[in-house]
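Presented below is the structure to which this report refers.
All of these numbers come straight from a predicted model, not from anything done at the bench. If you read the sequence from its start, that first residue is 1, and numbering goes on from there.
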Amino acid sequence: MLLAALLLLISTEVHSTDLPQLPLVPYPQHVSLISSPPAVLDPLRFTFSTQSRSVLLQEVFDRYHKYLRLHDFEQKLNLTLKKLDVVVKDSNEELLLETSENYTLTVNTDSAILQADTVFGAMRGIETFSQLINTYNYTLPSVQITDYPRYKFRGFMVDTSRHYLSVSVLKQLIRAASWSKLNIFHWHIVDDPSFPYCSTSFPDLCVKGAFSPDHVYSQTDVLDIILFAYRHGVIVVPELDTPGHTLSWGKALPGFLTHCPGHGNIGSDYGPIDPSNEAVYPVLEKIFTEIGNVFPSNFVHLGGDEVHYGCWKNNENLTNWMAQHNISGNYEALEDYYETRLLKIVNKLNKNYIVWEEIYNHHLDITPQTIVHAWLPNWKKVFQNATSEGYRCILSACWYLNRISYGEDWRKFYQCDPRSFNSSAPFSQQQLVLGGTICMWGEYVDNTNVLHRTWPRASAPAERLWSPEYITDVGFMEPRIEAHRCRMVYRGYPAEPSFMRGHCQVEYSWRRRR
């Protein structure tokens with residue numbers, strides 16, 4: 001109760017107008033300027049210094065050295081800052097949702113020190129340090145920063161079934177996500193249109209289910225993406241959405257889907273998985289076991305959304321089976337039967353699982369550990385009900401980047417807060433909201449446009465997931481999101497403009513770097 005009261009006091013007393021206007025995205029928890037002249041560094045000689053022997057940390061240093069050296073440098077001021085001292089307290093480099101990302105950063109005229117609990121906190125702090133640097137004269141303010149995320153679960157989702165995204169593009173998306181301190185890559189890897197994941201258990205799934213042999217992710221590709229994400233402090237959470245959204249599975253698995261001529265998905269004669277077919281469950285166990293082994297994340301997303309009952313209603317064998325099991329006409333009970341069988345399989349994997357909100361809304365029998373993922377407009381009611389019953393929740397409903405609109409639509413994304421479902425909810429209930437996931441569904445994006453359509457728009461909800469609750473002023477965000485966009489362009493990323501007019505000092509086409 002004391003902590004809740006303290007947080008309320010902070011949120012009511014601090015305003016964005018009181019905060020230093022620094023080009024930081026997301027904005028840190030606590031920032032105070034120090035009364036000393038700005039530091040000036042030489043990007044060609046500046047070093048990161050540490051006593052840590054971490055190879056991962058050294059990779060971070062190398063990465064940010066490259067960012068510092070993108071511009072030609074003319075020495076016009078006395079160089080005062082030669083290094084950033086980085087202190088990492090814990091040598092454990094396992095990346096979990098619970099892993100600390102806390103850090104403190106102190107910059108003076110002639111010294112700078114970053115202290116973090118873990119290497120991943122150091123990653124976040126080095127990104128903040130890099131954002132403080134004025135890349136035109138390499139000055140940065142003397143400042144004291146204490147920072148940590150407001151929400152533990154800060155995700156970004158891409159859909160690689162409706163349109164294929166290459167490995168290199170996925171890596172660029174992950175890299176950009178790390179610049180905004182996101183820590184989850186939710187990979188909606190398969191769906192109705194295609195099955196690009198090359199399973200070792202069922203190779204024909206990608207052979208017959210992908211658009212072509214060139215539109216697939218081999219096991220090497222998947223491991224490459226997982227490792228790349230890890231090196232950027234990002235956890236890869238795979239989603240295999242069932243029992244709906246599985247049309248691409250059926251090409252390799254005869255009898256797996258419900259046959260319903262004229263009533264199937266996207267113009268086909270097939271609908272969701274057939275829950276009455278006992279042969280389905282050994283297949284599910286084998287492929288989910290594989291997914292559990294391939295992806296080291298403690299989470300797996302089970303989907304469960306948009307299960308259209310029309311196909312089930314038009315399959316005579318399934319209707320007879322339901323009568324034999326005393327659930328005639330009760331398609332929620334049929335869905336519950338399927339999900340109960342699936343959860344028994346998934347529970348063997350020792351993984352936490354996430355489901356789209358329909359699983360909860362349909363009153364299916366789910367375990368207390370289930371994470372409810374809300375995406376429909378009535379999400380506040382779902383959060384109120386689910387958290388009151390002890391379920392953890394994450395939000396996507398107001399962060400569908402694929403729903404584009406003319407103009408500066410990042411503003412509406414910025415104004416959504418996952419814990420705004422009930423301002424009077426007890427602190428313990430609010431804490432069950434873990435965060436959220438920014439979504440880019442694949443109907444109208446592929447390699448040609450997904451990068452610039454995503455960023456910097458995703459930076460707005462990314463700040464909501466990291467920064468203090470009281471930072472909500474769109475006006476305070478305006479110059480910072482534009483600075484962040486230009487910083488991305490400066491680093492070689494094709495981020496689209498945030499406003500109807502303006503420019504970056506270095507345009508993307510002038511000096512494109514990776």
Side-chain angles (χ1 to χ4, degrees), residues 26 47-70 84 86-103 114 116-131 147 149 152-158 160 165-187 189 217-238 293-299 437-438 451 454-455 458-459 462 466 487-488 491-493 513-514:
T47 62
F48 296 97
S49 174
T50 186
Q51 297 297 314
S52 170
R53 296 183 178 181
S54 168
V55 174
L56 179 58
L57 185 59
Q58 189 58 55
E59 288 179 357
V60 178
F61 292 168
D62 293 343
R63 191 157 66 236
Y64 280 86
H65 266 135
K66 292 177 182 177
Y67 296 155
L68 288 177
R69 295 170 180 172
L70 289 176
L84 171 66
V86 179
V87 179
V88 176
K89 300 175 184 177
D90 190 344
S91 61
N92 184 350
E93 295 184 350
E94 185 178 14
L95 180 56
L96 304 170
L97 193 67
E98 299 77 20
T99 297
S100 172
E101 298 170 275
N102 301 2
Y103 69 91
L114 170 67
D117 294 336
T118 68
V119 66
F120 303 103
M123 283 186 194
R124 307 308 180 209
I126 291 171
E127 173 59 32
T128 297
F129 177 80
S130 75
Q131 292 186 11
D147 202 13
K152 282 292 186 184
F153 197 108
R154 306 181 310 281
F156 173 67
M157 188 222 78
V158 294
T160 56
L165 298 175
S166 67
V167 171
S168 64
V169 165
L170 291 177
K171 286 182 176 181
Q172 290 183 74
L173 288 166
I174 291 168
R175 184 187 296 119
S178 74
W179 295 339
S180 288
K181 298 185 172 68
L182 297 177
N183 68 334
I184 300 290
F185 172 49
H186 171 175
W187 192 356
I189 193 167
Y217 304 106
S218 68
Q219 290 291 306
T220 300
D221 292 334
V222 171
L223 294 176
D224 186 21
I225 290 167
I226 291 170
L227 182 57
F228 182 88
Y230 169 77
R231 288 171 172 162
H232 288 75
V234 176
I235 301 167
V236 181
V237 175
N293 291 332
V294 170
F295 290 85
S297 164
N298 284 343
F299 295 90
T437 297
I438 306 157
L451 299 177
T454 301
W455 300 97
S459 302
W466 180 281
R487 184 162 44 238
M488 297 173 88
R491 293 176 178 179
Y493 192 97
R513 303 240 183 177
R514 293 191 184 278

Answer yes or no: is there a donor N or O on one side and an acceptor on the other, between the side chain of [X] and the main chain of [Y], under 3.5 Å?
X: Thr437; Y: Met157; value: no
X: Thr118; Y: Ser100; value: yes
X: Arg124; Y: Tyr103; value: no

Distance flag, aromatic centroids of His65 and Phe61, threshold under 6.0 Å:
no
Would you please indicate if the ring centroids of Tyr230 and Phe120 are separated by under 6.0 Å?
yes
Give, for atom [atom1] of [X] and atom [atom2] of [Y], the distance between the pair rounded to the nearest 0.5 Å.
X: Asn298; Y: Glu94; atom1: CG; atom2: CD; value: 7.0 Å
X: Leu57; Y: Ile126; atom1: CG; atom2: CD1; value: 5.5 Å
X: Ser180; Y: Gln131; atom1: OG; atom2: CD; value: 7.5 Å
X: Leu68; Y: Phe48; atom1: CG; atom2: CZ; value: 5.5 Å

Check salt bridge (charged side-chain N to carboxylate O under 4.0 Å, His left out) between Asp224 and all other residues, then give those that pass, not counting sequence neighbours.
Lys171
With sequence neighbours excluded, what pairs up with Lys152 under the salt bridge (charged side-chain N to carboxylate O under 4.0 Å, His left out) test?
none
Would you say Ser49 and Thr47 are linked by a side-chain donor-acceptor pair, where the criterion is simply a distance under 3.5 Å?
no
Candidate list Arg175, Met488, Arg487, test side chain to side chain contact (heavy atoms under 4.5 Å, CB included), partner Tyr493, passing option
Met488
Run the side chain to side chain donor-acceptor pair (under 3.5 Å) check on Arg491 and Ser130 step by step: do they pass?
CA-CA 11 Å; Arg491 293 176 178 179; Ser130 75; 2.8 Å; yes
Check: [Y] and [X] side chains under 4.5 Å, non-hydrogen atoms:
X: Thr160; Y: Leu170; answer: yes
X: Asp90; Y: Asp117; answer: no
X: Trp187; Y: Ile225; answer: yes
X: Val222; Y: Ile226; answer: yes
X: Leu97; Y: Phe299; answer: yes
X: Tyr67; Y: Trp179; answer: yes

Ala229 meets the side-chain contact (heavy atoms from CB on, under 4.5 Å) criterion, sequence neighbours left out, with Ile174, Val234, Val236
Residue list, side-chain contact (heavy atoms from CB on, under 4.5 Å) with Thr454, at least two apart or on another chain
Phe156, Leu173, Leu401, Met440, Val450, Ala458
Taking all heavy atoms of [X] and all of [Y], pick out the closest pair and write down the distance.
X: Gly233; Y: Met123; value: N-SD, 3.6 Å
X: Ala462; Y: Ile438; value: N-CD1, 3.9 Å
X: Thr99; Y: Leu96; value: OG1-N, 2.8 Å

Pair Phe129-Leu114, side chain to side chain contact (heavy atoms under 4.5 Å, CB included): steps then yes or no:
CA-CA 9 Å; Phe129 177 80; Leu114 170 67; over 6 Å; no
Should Ser54 and Glu93 be marked as a side chain to side chain contact (heavy atoms under 4.5 Å, CB included) after you check the CA-CA gap, both sets of side-chain angles, and the distance that decides it?
CA-CA 9 Å; Ser54 168; Glu93 295 184 350; 2.4 Å; yes
Hits for ring-ring contact (aromatic ring centres under 6.0 Å, His included) against Trp466, two or more places apart or cross-chain, chain-then-number order -> none
Enumerate the salt bridge (Lys or Arg N to Asp or Glu O under 4.0 Å) contacts for residues 48-62, please, sequence neighbours excluded, ordered by first and then second residue.
Glu59-Arg231
